[in-house]
Structures are given as C-alpha cells and as structure tokens.
Amino acid sequence: MDDASMVGLMGRVTGTVGPGLVGEVIVRVRGGAEHFLAYPADGKCRIERGTVVMVVEHLPPRTVYVEAMYGS
C-alpha cells in the first residue's frame, strides 16, 4: 500500500499517542485491520486509548502520524 492510500483512513488508538511516546493505532486497511506505530501529527497533543483518529501521514512500513477526530 502506498503512502497516499493510507492518508485519510480512520482508526482507533490502542496505545496512548503523545509527545515522547510511541503510540499504537488500529486501522482498517487491505480488507482487514492492522496495527501501526503512531505519533501525534502536531507533535504536541496527547491522544488517549479509544479515540477515533485520522491518518495524516504514513511512513512505510508501519508508522503513521494521526490527529483526533470528532473533537475527541
């Protein structure tokens, strides 16, 4: 899967994402759900477990930058 096809996908935080942390998100992709290492897109916010997020950047193979959706 190329970088562009990951951008805009929705996922859910499974391990807290934040500054100084390597978080984890699960994203529905390639007909299933996969886990990715995750960092906050702005580099500052903390995103807690269970928060719905959107992928704003993908660094292959398994790293994404995310932002919280829905005012979470």
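Just so you know, these numbers use all the heavy atoms, side chains as well, and skip hydrogens, waters and symmetry mates. Source: prediction; values computed, not measured.
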Next item on the list: For residues Phe36 and Val29, determine if any side-chain heavy atom of one lies less than 4.5 Å from a side-chain heavy atom of the other.
Entry: yes
Margin query: If you compare all heavy atoms of Lys44 against all heavy atoms of Pro19, which two are closest, and at what distance to 0.1 Å?
Written below: O-CG, 3.0 Å
Next item on the list: Report yes or no: do Val56 and Val52 belong to one cluster of Ile/Leu/Val/Met/Phe/Trp/Tyr joined by side chain heavy-atom distances under 4.5 Å?
Entry: yes
Item checked: Nearest heavy atoms of Val25 and Val17, plus distance in Å -> CG1-CG2, 4.4 Å
Check: Where do His58 and Pro60 come nearest, in terms of heavy atoms and distance?
Finding: O-CD, 3.5 Å
Check: Checking side chain to side chain contact (heavy atoms under 4.5 Å, CB included) for the pair Tyr39/Val22: CA distance, chi angles, key distance, verdict?
Finding: CA-CA 6 Å; Tyr39 296 94; Val22 178; 3.5 Å; yes
Margin query: Quick one, Tyr70 with Thr51, criterion side chain to side chain contact (heavy atoms under 4.5 Å, CB included). Give me CA distance, side-chain angles, the key distance, then yes/no.
Written below: CA-CA 9 Å; Tyr70 310 120; Thr51 303; over 6 Å; no
Notebook entry, point to check: So, the side chain of Thr14 versus the backbone of Glu24: is there a donor-acceptor pair under 3.5 Å, distance only?
Noted result: yes
Notebook entry, point to check: Shortest non-hydrogen contact from Val53 to Met69?
Noted result: C-CG, 3.7 Å
Notebook entry, point to check: How long is the gap from CZ on Arg30 to CE on Met6, to the nearest 0.5 Å?
Noted result: 7.0 Å
Check: Would you say Val64 and Val27 make side-chain contact, with heavy atoms under 4.5 Å?
Finding: no
Next item on the list: Any salt bridge (charged side-chain N to carboxylate O under 4.0 Å, His left out) involving residues 50-64? Give me the pairs, sequence neighbours left out, ordered by first then second residue.
Entry: Glu34-Arg62
Next item on the list: Group every Ile, Leu, Val, Met, Phe, Trp and Tyr by side-chain heavy-atom contacts under 4.5 Å, then state whether Leu37 and Leu59 land in the same group.
Entry: yes
Checklist line | Minimal non-hydrogen separation, Ala38 against Val66, with atom names | finding: CB-CG2, 4.5 Å
Note to self: Could you check whether any side-chain heavy atom of Asp42 comes within less than 4.5 Å of a side-chain heavy atom of Glu67, counting everything from C-beta outward?
What the structure shows: no
Next item on the list: Find out if a path of hydrophobic residues (ILVMFWY) with successive side-chain heavy-atom gaps under 4.5 Å connects Tyr65 to Met10.
Entry: yes
Next item on the list: Could you tell me whether a side-chain N or O of Arg49 sits under 3.5 Å from a main-chain N or O of Gly15, the two making a donor and an acceptor?
Entry: no
